[in-house]
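What follows is a set of notes on a single structure, which appears directly below.
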Protein chains: 2
Amino acid sequence: MDEVFRALADASRRALLDRLHARNGQTLGELCDGLAMTRQAVTKHLGILETANLVTTLRHGREKLHYLNPVPIHQIGERWIKKFERGKLTALSELKRQLEKRDE
Amino acid sequence: MDEVFRALADASRRALLDRLHARNGQTLGELCDGLAMTRQAVTKHLGILETANLVTTLRHGREKLHYLNPVPIHQIGERWIKKFERGKLTALSELKRQLEKRDE
DNA sequence: ATAATAGGCAACCAAATGGTTGCATGTCAA
DNA sequence: TTGACATGCAACCATTTGGTTGCCTATTAT
């Protein structure tokens, strides 16, 4: 879980996930196109996404195909974000009331 | 949005959010209790959470009260995670089919 | 066979990160 | 008013991070 959060912390990596979301199964070369980064930098980012299990790869001849794995993202939503949903409505409006309570 | 992802990347900071979720409105001192970290380290983490708008603070005399703001977390769920929900089911099972398609 | 293509590996670098220590300031209580 | 308590500020440090360059390997096409 920590590795997923870590992997998502970088905007370039989130952009790579976006690209794969738009078109799944792209090669390294395709994923590099138009990015202001060397191929090796992209390789590293994809490696981080891979160890976080957000991307799965498959060698196909000399090409490496990259596939988005949405499961960890979904899990963050289920196991983590939903925890904080409750109390969302009461949050900031309730804040002042709690403060005033403290003054008594 | 980037600042939120960045802030959530660190486990200590997520733990601080958990603590505030369990009991809102804690002071810096309270949030330090039991952590294997100096007060100053915690201060920095809270600062990062604050600039990401995940925590709101209020001075109350010599104390600084910390309140969880769940809104950015909710937004990540809405604006980001939901994008990747679609295609979740077709993901890995679909993967091989796409591959075989490529071979033709 | 050989050249072009797709990707891998490793060393290196600057900047950001997570943490520390030491000292200063503001506020409350005796 | 003086000491204790809660927090702030700044310098410093080691490690991680995001990126580079240079070279090597494997596969495909001519």
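Look at A/His45 and you'll find a side-chain N or O under 4.0 angstrom from OP1 or OP2 of D/dG19. Taking 4.0 angstrom as the limit, A/Thr38 places none of its side-chain polar atoms (N or O) nearer than this to OP1 or OP2 of D/dG19.
A salt bridge between A/Glu50 and A/Lys44 is absent, with no side-chain N of the basic residue lying under 4.0 Å from a carboxylate O of the acidic one. Ion pairing between B/Glu30 and B/Arg19 fails under the 4.0 Å rule for side-chain N and carboxylate O.
Looking at B/Arg13, its side chain never comes within 3.5 Å of a backbone N or O of B/Leu8 through a donor-acceptor pair.
Atom pair B/Glu63:CD and D/dC5:C1' shows a separation of 10 Å (rounding to whole Å applied). Atom CZ in B/Arg14 sits roughly 11 Å away from atom P in C/dG18 (whole-Å rounding). Following rounding to the nearest Å, B/Arg13 (CZ) and C/dA16 (C1') show an atom-to-atom distance of 12 Å. The interatomic distance linking B/Leu65 (CG) with D/dT7 (P) rounds to 8 Å, in whole Å. When the C1' atom of C/dG7 is taken as reference, atom CG of A/Leu46 falls 12 Å away, rounded to whole Å. We find that CG of A/Leu49 is positioned 14 Å from C1' of D/dT17, with the value rounded to whole Å. Per the geometry, NE2 belonging to B/His66 stands 12 Å off C1' belonging to D/dG8, to the nearest Å. The CG-P distance, from B/Leu35 to C/dG18, rounds to 15 Å in whole Å.
Checking B/Leu20, B/Asn24, B/Thr57 one by one against B/Tyr67, the side-chain contact (heavy atoms from CB on, under 4.5 Å) holds for a single residue, B/Asn24.
Between A/Leu65 and A/His60, the shortest heavy-atom distance links the atoms CD1-CB, 3.8 Å. Between B/Leu54 and B/Pro72, the shortest heavy-atom contact is CD2-CB, 3.9 Å.
Across D/dT20, C/dG18, D/dT7, the shortest atom-to-atom separation from the side chain of B/Lys64 is found for D/dT7. Here C/dG7 is the nucleotide among C/dG7, C/dG19, D/dT21 with the atom lying nearest to any side-chain atom of A/Leu28.
In summary, the aromatic rings of B/Phe84 and A/His21 are positioned with their centroids under 6.0 Å apart.
Comparing B/Lys44 and A/Arg6 by the nucleotide of DNA chain D whose heavy atom lies nearest to each, the residue mapping closer to the 5' end is B/Lys44.
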Got a list of protein N/O to nucleotides 24-30 of chain C N/O distances below 3.5 Å?
unit_1	atom_1	unit_2	atom_2	d
C/dT27	O2	B/Arg62	NH1	3.4

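Contact annotation: side chain of A/Gln40 to base of D/dG22, donor-acceptor pair present below 3.5 Å.
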